Every structure is written in structure tokens, then in C-alpha cells.
Amino acid sequence: MNRALNNKTWIKGLTMECPHGIPVSDCPLNGLRSLPISEANRVINEMNDEQVNAYMKTHRKCYNHRVKSQTV
């Protein structure tokens with residue numbers, strides 16, 4: 001499985017639920033979360049590598065920030 005396809009799979013999972021339970025209000029995945037699953041999957045499948053990488057970069061940054069905030 002190539003990296004972009006693997007990341008699309010991650011994004012699909014992240015649209016189902018935020019790993020922290022409640023997503024931050026400015027999470028770019030909120031727009032996908034509000035769509036029906038079939039529509040969100042279609043949008044994700046049509047993303048190019050740059051878009052996929054941007055979503056993953058944003059997710060990793062947010063996730064790491066929230067983990068650090070909980071342990072401080």
C-alpha cells in the first residue's frame with residue numbers, strides 16, 4: 001500500500017471520530033465529518049497527494065499538541 005493510500009485510510013478513520021473525542025472547533029476534518037459517510041469517502045478518494053499530506057500534517061500537529069497539553 002502506498003503512503004498516500006494509507007494516509008487516505010487514516011483520514012477516513014479520522015472523519016469518523018477525533019482521537020481525543022471532541023475535535024477542536026477549527027479542525028479541517030469537521031467539514032468532512034458533517035457529510036454523509038459515502039460523500040466524505042468520495043471527497044477523500046479524490047484528494048491529491050498534496051491535500052492528503054496537508055490533512056495529515058495538520059492532524060499530527062494537533063494530536064501532538066493535545067497530548068502534550070494533557071500531560072503537563
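As a basis for the values below, the full set of heavy atoms in this structure was taken, side chains included, without hydrogen atoms, waters or symmetry mates. Computed from a predicted model, the values in this text were never measured in an experiment.
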Open item on the list: If hydrophobic residues (ILVMFWY) are linked whenever their side-chain heavy atoms come closer than 4.5 Å, directly or via other members, who joins M16 in its cluster?
Closed with: I37
- [ ] Would you check if Y55 and L32 make a side-chain contact, meaning some heavy-atom pair closer than 4.5 Å?
- [x] yes
Open item on the list: Contact between C62 and V24 at the side-chain level, heavy atoms closer than 4.5 Å - yes or no?
Closed with: yes
Task: Partners meeting ring-ring contact (aromatic ring centres under 6.0 Å, His included) with H65 (sequence neighbours left out) - done: none
Task: Contact check, side chains of H59 and C18, non-hydrogen atoms, under 4.5 Å - done: no
Open item on the list: If we check side-chain contact (heavy atoms from CB on, under 4.5 Å) with E50, which of these qualifies: V52, N53, N48?
Closed with: N48
Open item on the list: If I take atom OG1 from residue T15 and atom CG from residue N41, how far apart are they, to the nearest 0.5 angstrom?
Closed with: 6.5 Å
Open item on the list: Which residues pass the side-chain contact (heavy atoms from CB on, under 4.5 Å) test with E17, not counting sequence neighbours?
Closed with: none
Open item on the list: Looking at K8 and M47, would you say the former's side chain and the latter's main chain have a donor-acceptor pair under 3.5 Å?
Closed with: yes
Open item on the list: I need the I44 CD1 to N7 CG distance, nearest 0.5 Å.
Closed with: 11.5 Å
Task: Residues which pass salt bridge (Lys or Arg N to Asp or Glu O under 4.0 Å) with R42, listed by chain and number, not counting sequence neighbours - done: E39, E46
Open item on the list: Tell me whether R33 contacts the main-chain N or O of A40 through its side chain, where contact means a donor paired with an acceptor under 3.5 Å.
Closed with: no
Open item on the list: Going by ring pair (Phe, Tyr, Trp, His ring centres under 6.0 Å), name the pairs with one or both residues in residues 29-53, residues two or more places apart or in two chains.
Closed with: none
Task: Of all pairs that satisfy ring pair (Phe, Tyr, Trp, His ring centres under 6.0 Å), the ones with a partner from residues 19-45, not counting sequence neighbours - done: H20-Y63
